[in-house]
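Here's the structure we're looking at; comments come further down.
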Number of protein chains: 2
Amino acid sequence: MGRQPSAKPTSFDIAYLAGVSQPTVSRALRGSKSVSAATRANIERIARELNYTVDKNASSLRSQRTHTLALLFFEDPTPDQSMINPFFLSMLGSITRQCALRGYDLLISFQQMHNDWHVAYQDSHRSDGIILLGYGDYQLYRSKLEHLVEMDTKFVRWGSVSDDSIGLTVGSDNVGAGMQAGRHLIEIGRRTIAFLGDASDHAPEFQDRYAGLCRAMEGAGLSPDPALQRDAISSEESGHAAARALLASGRPFDAIFAASDLIAIGAMRALTEAGLRLPQDVAVIGFDDIPAANLTSPTLTTVMQDMKSAGELLVDALLRRLDNLPVERSVLPTRLIKRQSTAV
Amino acid sequence: MGRQPSAKPTSFDIAYLAGVSQPTVSRALRGSKSVSAATRANIERIARELNYTVDKNASSLRSQRTHTLALLFFEDPTPDQSMINPFFLSMLGSITRQCALRGYDLLISFQQMHNDWHVAYQDSHRSDGIILLGYGDYQLYRSKLEHLVEMDTKFVRWGSVSDDSIGLTVGSDNVGAGMQAGRHLIEIGRRTIAFLGDASDHAPEFQDRYAGLCRAMEGAGLSPDPALQRDAISSEESGHAAARALLASGRPFDAIFAASDLIAIGAMRALTEAGLRLPQDVAVIGFDDIPAANLTSPTLTTVMQDMKSAGELLVDALLRRLDNLPVERSVLPTRLIKRQSTAV
DNA sequence: ATATTATGCGTATACGTATACCCTATGGTC
DNA sequence: GACCATAGGGTATACGTATACGCATAATAT
C-alpha cells in the first residue's frame with residue numbers, strides 16, 4: 001500500500017500525527033485500557049497507514065521480555081553430520097507452529113551441548129526460555145541439566161517423564177507404548193519377543209519402552225528373556241549390528257520390538273540378509289513413525305507419538321513457567337500404526 | 001565458577017571494577033584498537049569472572065544490527081501437516097551450522113507465505129536478513145519475491161539460478177544434474193527415458209532438470225519424447241499417480257528420471273505394483289538423496305546436491321548483501337549417487 | 001623548541017519503547 | 001457546594017549499549 005520510502009516510523013511519528021504523546025501510542029497499541037476507544041482507533045489507523053511495527057529490540061530492552069524461545073538440539077553422536085533424526089524434525093514443525101500461534105519467535109540451534117546455554121540465550125536476553133530436544137548420552141545430559149537448574153535457566157525438555165527427571169519435562173507414555181507394542185505382537189501369536197535398544201539408565205525412554213514390553217508379556221503369562229534384549233542407539237547401523245548379534249547368538253525369536261524406527265529399519269535389513277521372511281518368520285515393530293517407515297518393504301508397523309500435542313505442550317509448559325504459573329509434567333498417549341511388518 | 005546470584009552484570013559494573021568508563025568496556029570487548037592491550041586484558045578478565053554477556057537487545061537497538069537471520073520456508077501444499085520435505089531439513093542443518101560459525105543467530109518459521117515478511121522480520125528489527133527456502137507455486141512465489149525486492153528487504157533464496165530470477169539466488173546446477181542423470185541412464189543402455197516432474201515454468205528447477213536430460217539424450221543422438229514427460233509435484237502420491245498415468249498410456253519406456261526422490265519413490269511403488277522389475281525393466285533415478293533413498297528396494301540412484309556448500313553460500317551471500325559488498329549468484333555442482341535402481 | 005599527529009580514554013548522547021508517577025477534568029456523593 | 005473517585009493521558013525516566021566528539025598526554029616531525 002502507500003508506503004513511505006523514508007526511514008521506518010517510530011511511535012513518536014504516530015504520536016505526532018495523532019496529536020498525542022508517545023506513551024499513549026504505546027499504551028494504545030499494547031491494549032492498555034486507560035486509552036479511550038476513539039483515541040485507540042485513531043492510533044491504530046495511523047499505525048496501519050504508516051506500516052508501523054514495534055521495534056523488537058527496543059521493546060525487549062525496556063520490558064525485559066523478548067517473546068522469543070530458543071530450541072536446542074542435543075545429539076552427541078554426529079557432531080558434523082547434518083543427519084538429524086527425522087522424528088525431531090516433525091517435532092520441529094509442531095513447535096514452530098505453536099510458537100507462531102502464541103506470538104513467540106523461535107530461535108534454533110543444533111550446536112553441541114555445552115555449559116553456556118544460559119549465557120548464550122537467557123543471560124544475553126536472546127530468548128525468554130529454552131526448549132531442549134534430543135537423545136544422547138543421558139548421563140552427560142543429566143549433568144548439564146543440573147547445571148541449568150542451578151543457574152535458574154527457564155527451560156522445558158522432551159524426554160522420559162519419570163519421578164527423578166530434572167527440570168520440567170514433557171514426553172510420551174513410553175511404558176504404555178511398550179505395552180501397546182507388546183500386546184499387538186502377542187495378539188498375532190508371537191511368544192519370543194526381542195527388544196533392540198539401550199535398556200540401561202543411559203536412555204530412560206528406551207528403558208521405559210522395554211519395561212512396557214515386559215509388562216505386556218508378563219500380563220500374557222510370558223516371561224521376557226533378558227538374552228533377547230540387545231543394546232542399540234537410534235541409528236540404522238546400530239540396529240543392523242544389534243540384529244546381527246542377536247541372530248548370531250542362535251537364540252530363537254519370532255518378533256522384534258525396536259526402540260526406534262531407525263533401529264527397526266537396520267534390523268529388518270539384517271533379517272532380510274539372513275534370509276528370513278518378514279513378517280512370517282519375524283514380525284517387527286518400530287517407534288516414531290518416521291516417513292521412511294512407510295517406504296520399507298515390508299512397510300513398518302510402528303508406534304506413533306502425538307507430535308501435534310507435543311509441540312503444544314512443550315511451548316505451553318515453558319510459557320507457564322515463564323509466567324510463574326503452576327505447571328506439571330505431561331505424559332502423552334501414543335498410537336499403534338499397523339503395517340505389513342506385523343500383518344500375518 | 002564463582003558466580004553472583006545477583007542481577008546480571010552490565011558494562012557499567014565492569015567499568016567500575018576496572019576503573020574505566022562504560023564506553024571503554026564496550027570498545028574493549030568489541031575489539032576496538034583504540035584501547036590499550038593492558039586495559040583490554042583487564043576488562044576481559046573481569047568480564048569473564050562476572051560471567052558477563054552483552055545484552056543482545058541493547059546492543060541491537062543501539063547498533064541497528066541484530067546479528068540474526070530469519071529462515072523462512074515456503075511450501076503451500078501442506079499448510080497444516082508437519083511433513084516437511086526431508087531435503088530442506090538437511091539444508092536446515094547446514095544453514096544453522098553456518099550461522100553459528102559466522103556468529104549469527106537463526107530465527108525460523110514455517111508459516112505460510114504472506115506479504116508482510118519485511119514487516120515481520122526486517123522492519124521490526126528481528127533479523128537483519130531473510131533466507132527463503134521452498135518449492136511451491138512459483139508464480140505466486142514470484143509475485144511475493146517482487147514485493148520483497150520492492151520493499152528493499154534483504155534476502156537470499158535457494159532455487160533455480162537463471163537470468164530472470166528475482167533477487168539474490170543460490171542453487172544447484174540443475175541443468176548439469178539433469179545431464180549427469182541422463183548420461184548415466186544412457187551409459188547403462190537405456191534409450192527411452194521418461195521424466196516425472198513439472199516441466200512448466202511453474203517449477204523452474206524441475207524444468208532445468210528436464211532440459212539437462214534432453215540435452216544429454218540429444219548429445220547421444222536420441223530424441224526425447226515429450227509424451228514421456230509427466231507433471232508431478234514433489235510428493236510420493238504425485239509420483240505414484242504420474243507413473244501410473246505413464247504406464248496407462250501404453251507408451252514403452254526403459255528408464256525414469258524423477259525430479260525428486262519423493263516422486264521417484266512413489267513411481268517405484270507404481271512400477272512394482274504393475275509387476276515390473278527394477279532395474280531390469282525400468283531403471284530409476286531420483287533427486288536430492290534424502291535418507292529414505294537408501295532404504296527403498298531397490299535402493300535408489302539419485303543426484304545429491306551439495307548441502308554443505310549450499311548453507312555456506314546462502315549465508316555468505318546474505319551477509320555480503322547486508323554489508324553492501326558485491327555478491328553474485330552461485331551455482332553448485334551436483335554428484336550422482338549410484339545405487340541398485342540403475343545397477344544392471 | 002615548537003608544531004603536528006597519534007594514542008587512549010572520558011563525556012555526552014542516541015537507539016525506540018514501556019512504565020511509574022503525576023495532573024486535570026469530569027462525574028457522582030453527602 | 002466541598003469531597004473524592006475515576007478516566008484519560010502527559011511528563012520523566014529507565015532499559016544497556018555503541019558511537020561521535022573532545023581532550024589530554026605522549027610521540028614524532030621540523
Side-chain angles (χ1 to χ4, degrees), chain A residues 6-44 46-47 50-68 103 119 121-128, chain B residues 6-44 46-47 50-68 103 119 121-128:
Chain A
S6 63
K8 305 209 170 64
T10 71
S11 52
F12 282 96
D13 298 327
I14 308 219
Y16 176 77
L17 290 175
V20 297
S21 70
Q22 177 269 327
T24 298
V25 173
S26 176
R27 281 188 283 248
L29 296 178
R30 308 213 61 241
S32 160
K33 65 193 186 90
S34 67
V35 174
S36 75
T39 306
R40 177 195 318 283
N42 190 34
I43 288 173
E44 283 172 346
I46 296 174
L50 260 56
N51 247 320
Y52 169 79
T53 322
V54 174
D55 185 295
K56 193 80 187 324
N57 298 124
S59 174
S60 297
L61 174 59
R62 175 62 232 240
S63 65
Q64 302 289 65
R65 270 276 203 156
T66 65
H67 272 261
T68 298
V119 173
Y121 290 94
Q122 180 165 297
D123 287 7
S124 62
H125 289 288
R126 284 164 152 82
S127 75
D128 296 332
Chain B
S6 62
K8 306 209 170 65
T10 72
S11 53
F12 281 97
D13 298 328
I14 305 209
Y16 176 77
L17 290 174
V20 297
S21 69
Q22 177 269 327
T24 297
V25 173
S26 175
R27 282 188 283 249
L29 295 178
R30 308 213 61 242
S32 160
K33 65 195 184 87
S34 68
V35 173
S36 75
T39 306
R40 178 194 317 284
N42 190 33
I43 288 174
E44 283 172 345
I46 295 174
L50 261 55
N51 248 318
Y52 169 78
T53 322
V54 174
D55 184 296
K56 194 77 187 322
N57 298 124
S59 173
S60 298
L61 174 60
R62 176 60 231 241
S63 65
Q64 302 290 64
R65 270 275 203 153
T66 64
H67 270 264
T68 299
V119 173
Y121 290 93
Q122 181 165 296
D123 287 7
S124 62
H125 288 289
R126 284 164 151 83
S127 75
D128 296 332

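Below, chains carry the letters A, B, ... as their sequence lines are ordered, and counting in each starts from 1.
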So [X], base contact, sugar-phosphate only, or nothing? Heavy-atom distance under 4.0 Å.
X       : result
A:Arg27 : base
B:Thr39 : sugar-phosphate
B:Val20 : sugar-phosphate
B:Ser26 : base

With DNA chain C as reference, determine whether B:Ser36 or A:Thr10 sits nearer its 5' end, using the nearest nucleotide of each.
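Checking each residue's closest nucleotide, the 5'-ward one belongs to B:Ser36.
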Quick check: on DNA chain C, is the nucleotide nearest A:Leu61 upstream (toward 5') of the one nearest B:Gln22, or the reverse? Name the residue that is more 5'.
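The residue mapped nearer the 5' terminus is B:Gln22.
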Work out which heavy atom in [X] is nearest to a heavy atom in [Y]; give both atom names and the distance.
X        : Y        : value
A:Tyr52  : A:Leu29  : CE2-CD1, 3.5 Å
B:Lys56  : B:Thr68  : NZ-OG1, 3.1 Å
A:His67  : A:Gly103 : ND1-O, 3.6 Å
A:Asp123 : B:Thr53  : CB-OG1, 4.1 Å

Is any side-chain heavy atom of B:Arg27 closer than 4.5 Å to a side-chain heavy atom of B:Ser34?
yes
Upstream residue (5' side of DNA chain D) when A:Thr24 and A:Phe12 are each assigned their closest nucleotide:
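By nearest-heavy-atom nucleotide position, the 5'-most residue is A:Thr24.
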State the OG1-CZ distance between A:Thr66 and B:Arg126, to the nearest 0.5 angstrom.
10.0 Å
Using the heavy-atom set of chain A and a strict 4.0 Å cut-off, write down the first and last nucleotide of DNA chain C that makes it in, 5' to 3'.
C:dG16 to C:dA20
